[in-house]
Amino acid sequence: MLSRTPPKRPNARRLPFRTLTLDPLSMSSSARPVVTRIAPSPTGSMHIGTARTALFNWLYARHCGGKFLLRIEDTDRERSTEASVQVILDGLDWLGLHPDEPPTYQFARAARHREAVEALFAAGGAYRCYMTPEETAAERERARTEGRAIRSPWRDREAPGDDRPFTIRFRGPLEGETVVDDLVKGQVTFANRDLDDLVLLRSDGTPTYNLAVVVDDHDMGVTHVFRGDDHLSNAARQSLIYTAMGWDLPVFAHLPMIHGPDGAKLSKRHGAQAVGEFADLGYLPEAMRNYLARLGWGHGDDELFTDAQAISWFDIRDVVRSPARLDWNKLNHVNAHYIRLADAGRLADLVMDVLRRRGEAPGKTDRDRTLALIPLVKESAKTLIELADLTAFARLVRPLALDAKTISQLDGETRARLARLALALESVSDWTAEPLLAALRDFASGEGVGLGKFGAPLRGVLSAGYPAPDLASALAGLGREESLGRIADALR
RNA sequence: GGGCCCUUCGUCUAUCGGUUAGGACAUCAGAUUUUCAAUCUGGGAAGACGGGUUCGACUCCCGUAGGGCCUACCA
């Protein structure tokens with residue numbers, strides 16, 4: 001079927017099997033509407049890697065006009081908590097990756113999982129295994145030293161007849177091989193003898209992960225399974241289950257993981273790991289989307305792009321195969337870009353959130369002053385934290401407690417000059433940065449000195465040692481009354 | 001131990017056998033300058049290693065080394 005021309009895309013990676021199989025993209029557009037999903041387990045925070053997996057699933061679904069679903073994998077009753085579920089919901093919401101349907105909760109579907117296993121058991125595709133935990137451990141040990149997969153003696157043995165507890169194991173093929181056709185990794189071949197007969201139902205009757213995933217993905221109509229490449233070998237086991245159930249395989253793509261700047265698995269010690277932490281550090285969701293999209297995926301030389309562009313450009317086959325490291329510098333750069341683009345009112349609200357997180361209780365005046373400053377300083381802020389710090393001087397309450405350095409600069413001559421400056425400034429009718437800068441320059445030349453002569457003390461008087469933008473902007477942002485008031489306070 | 005995956009500047013990436021190996025972040029130098037930034041200009045910086053195949057290899061094959069994942073009645 002080489003007559004069917006594959007879509008022309010400049011960045012498509014060349015993998016031989018693609019010329020021999022139907023193109024998943026073109027296939028999906030007609031026969032199967034694309035359904036992707038993100039399936040996190042609620043056992044703590046939402047890892048940034050999970051966020052990126054969600055992003056890729058979302059991008060792909062949007063690109064194809066399909067659906068993006070969420071499934072909460074809460075079958076581990078020990079570790080799953082309601083609070084963690086909320087963390088995931090909040091994380092996706094913050095990132096703007098909204099699922100197209102209410103979430104599916106895996107634990108609630110246990111009866112269905114059991115039913116599927118029973119059907120498989122009835123058809124001979126599974127068997128009861130009566131190995132005790134001790135026997136299993138011993139067999140695992142033997143298998144490991146012999147370099148083979150674990151095997152149960154009960155695969156071909158009659159049931160013992162008593163009421164000993166048992167698990168239900170999958171009866172996998174002993175020979176042949178299983179090929180995972182992966183859109184990122186290519187064709188990955190596993191020898192069936194290396195795949196063990198995994199437990200489908202635990203002795204307490206609850207389903208295991210590999211079984212639940214297959215049944216749920218099938219029932220939810222998931223056509224494309226994109227997840228971390230830590231699941232690549234699970235894909236082989238799961239493929240076997242799909243086949244045994246008589247179900248169509250989804251299209252697989254296993255994404256490389258995100259590591260810390262040092263190449264080790266990303267963890268708390270790298271500064272942040274959970275999406276909530278990135279939010280707290282002052283990153284914008286749209287910046288996270290752009291940055292995360294570029295981690296493991298690229299579109300030529302494009303670095304900064306809109307969601308619409310990402311959606312139209314995204315192709316899972318352009319995802320790279322190797323793991324990526326989180327780079328704070330680049331994240332900062334991307335974030336700075338989106339801060340510049342952001343609406344001042346929204347930024348003011350977000351800065352207020354930063355202050356509240358610090359335990360402060362900002363009022364209307366604080367927001368007003370912050371808002372006035374934001375257009376003047378947002379060009380130089382990389383994060384919302386920096387934006388909060390760059391505007392902090394404006395929120396100070398008169399009279400300011402001046403810093404030692406400023407106080408030492410306020411000698412008689414300087415005070416006299418600042419007094420004359422205040423007079424000069426009073427006559428500025430348009431209190432905005434440009435006229436103010438002109439006034440400052442005029443004053444300097446009139447005094448016969450450089451701006452440097454009184455710039456530093458003026459800065460200190462206005463900002464009390466806090467970071468502040470250039471003097472004209474600082475004055476403009478502060479407003480006439482507050483500016484002149486602060487100068488007057490210092491000269492008193 | 002076994003199976004599988006990965007390997008281009010410090011980092012993220014481009015490159016579909018023929019390129020001065022491109023871009024971005026970071027870095028360095030210079031410019032600007034009233035602090036800190038931001039901004040502008042310019043520079044340096046890469047195919048892990050070893051064998052093949054080929055007229056020609058970062059690109060294909062094999063091996064080595066180094067990372068990683070799975071090998072659970074966790075997900």
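Here is the naming used below: chain letters follow the sequence lines, and residue numbers restart at 1 for every chain.
- In this entry the distance linking NE2 of A:H299 with P of B:U15 reads 11 Å, nearest Å.
- Here the side chain of A:S380 is nearest to one of B:C12, B:A37, B:A75, namely B:A37.
- Annotation: B:C61 and B:G42 have their C1' atoms spaced 43 Å apart (nearest Å).
- Here the closest non-hydrogen pair linking A:E73 and A:S80 is O-OG, 4.4 Å.
- For the P atoms, the distance from B:A21 to B:C16 is 14 Å, rounded to whole Å.
- Summarising the geometry, the separation between CZ on A:R164 and P on B:C73 is reported as 17 Å, rounded to the nearest angstrom.
- Residue contacts shown for A:T167 include a base, since a base heavy atom lies under 4.0 Å away.
- Counting any heavy atom pair closer than 4.0 Å across all strands shown, A:A39 reaches no nucleic acid atom.
- Contacts of A:A456 with the nucleic acid, taken as non-hydrogen atoms under 4.0 Å apart, are absent.
- Between the CG atom of A:L331 and the P atom of B:C25 there is a distance of 14 Å, given to the nearest Å.
- The side chain of A:H333 lies closest to B:C25 when the candidates are B:C25, B:C70, B:C73.
- Listed nucleotides B:C73, B:U34, B:U13 differ in distance to A:D470; the shortest reach to its side chain belongs to B:U34.
- Taking the six-membered ring for Trp and the full ring otherwise, A:Y338 and A:Y283 have centroids separated by 6.0 Å or more.
- Among the nucleotides B:A72, B:A75, B:C6, the one closest to the side chain of A:N234 is B:A75.
- A:T206 comes within contact range of no nucleotide atom at all, as no heavy-atom separation falls under 4.0 Å.
- Regarding contacts with the backbone of B:C6, a side-chain N or O of A:R321 is found under 4.0 angstrom from either OP1 or OP2.
- For the C1' atoms, the distance linking B:U8 with B:C4 amounts to 24 Å, nearest Å.
- The distance between atom OH of A:Y466 and atom P of B:C36, rounded to the nearest whole Å, is 19 Å.
- Nucleotide B:A38 holds its C1' atom 8 Å from the CD atom of A:E379, rounded to whole Å.
- Side chains of A:Q106 and A:D74: a donor-acceptor N/O pair is absent below 3.5 angstrom, by distance only.
- Across B:U64 and B:A26, the matching C1' atoms stand 33 Å from one another, rounded to whole Å.
- Aromatic pair A:W154/A:Y127: ring centres not closer than 6.0 Å.
- In this structure, A:D327 atom CG and B:C9 atom C1' are separated by 13 Å, rounded to whole Å.
- Within the nucleic acid shown, A:L437 comes within 4.0 Å of at least one base atom, counting heavy atoms only.
- A:E303 and A:N290 make their closest contact through O-ND2, 2.9 Å (heavy atoms, listed as atom of the first residue, atom of the second, distance).
- For A:L451, counting side-chain heavy atoms from C-beta on, the closest listed nucleotide (B:A24, B:U71, B:U34) is B:U34.
- The side chain of A:N329 lies closest to B:C25 when the candidates are B:G22, B:A75, B:C25.
- Taking a pair to require two hydrogen-bonding distances under 3.5 Å in either a Watson-Crick or a G-U wobble arrangement, B:U27 pairs with B:G43.
- Of the P atoms belonging to B:C9 and B:U15, the separation is 16 Å, rounded to the nearest Å.
- In terms of phosphate contacts, A:R340 brings a side-chain nitrogen or oxygen within less than 4.0 Å of OP1 or OP2 of B:U39.
- Counting any heavy atom pair closer than 4.0 Å across all strands shown, A:G296 reaches sugar-phosphate atoms only and no base atom.
- No side-chain donor from either of A:H254 and A:D230 sits under 3.5 Å from a side-chain acceptor of the other.
- Contact annotation: A:K382 side-chain N/O to B:A38 OP1/OP2 distance is under 4.0 Å.
- The salt bridge (charged side-chain N to carboxylate O under 4.0 Å, His left out) test applied to A:R369 returns A:E482, not counting sequence neighbours.
- In this model, the phosphate group of B:G3 is not approached by any side-chain N or O of A:R237 to a distance below 4.0 Å at OP1 or OP2.
- Judged by atom type and distance alone, A:R459 reaches the base of B:U34 through a side-chain donor-acceptor pair under 3.5 Å.
- Ranking B:G10, B:A24, B:A75 by closeness to the A:N210 side chain, first place goes to B:A75.
- Of the candidate nucleotides B:A75, B:C12, B:C4, B:C12 has the atom nearest to the side chain of A:R294.
- Considering all non-hydrogen atoms of both residues, A:A464 and A:D403 come closest at C-OD1, 3.4 Å.
- Here A:P469 lies in heavy-atom contact (under 4.0 Å) with a base.
- Closest contact between the side chain of A:H231 and the listed nucleotides B:G22, B:C6, B:A75 involves B:A75.
- Separation of the P atoms belonging to B:C36 and B:A31 is 16 Å when rounded to the nearest angstrom.
- Contact check for A:P40 versus A:L70: side-chain heavy atoms found under the 4.5 Å cut-off.
- Residue contacts for A:P323: at a heavy-atom cut-off of 4.0 Å it reaches the sugar-phosphate backbone alone, with no base atom in range.
- Below the 3.5 angstrom threshold, one finds no donor paired with an acceptor across the side chain of A:D194 and the base of B:G2.
- Atom name C1', nucleotides B:U11 and B:A46: the rounded distance is 12 Å, in whole Å.
- Between A:L440 and A:I150, it is A:L440 whose nearest contact on RNA chain B lies nearer the 5' terminus.
- Mapping A:R144 and A:L295 onto RNA chain B via the closest heavy atom, the residue that lands nearer the 5' end is A:R144.
- Across all strands shown, B:U32 remains unpaired; no Watson-Crick or G-U wobble contact has both distances below 3.5 Å.
- Taking atom CG of residue A:L471 and atom P of nucleotide B:A37, one finds them 16 Å apart after rounding to whole Å.
- With no hydrogens or angles considered, no side-chain donor-acceptor pair links A:N210 and A:T208 at under 3.5 Å.
- We find that CE of A:M46 is positioned 15 Å from C1' of B:A75, with the value rounded to whole Å.
- Phosphate contact (OP1/OP2 of B:C73, side-chain N/O of A:R169, threshold under 4.0 Å): present.
- Between A:T75 and B:A75 there is a side-chain N or O to OP1 or OP2 distance below 4.0 Å.
- For B:C73, the base has a donor-acceptor partner in the side chain of A:S203 [N/O atoms by modelled type, under 3.5 angstrom].
- The nucleotide B:A65 finds its pairing partner in B:U7, both defining distances of the Watson-Crick or G-U wobble pair being shorter than 3.5 Å.
- Comparing B:C6 with B:G23, their P atoms sit 28 Å apart, to the nearest whole Å.
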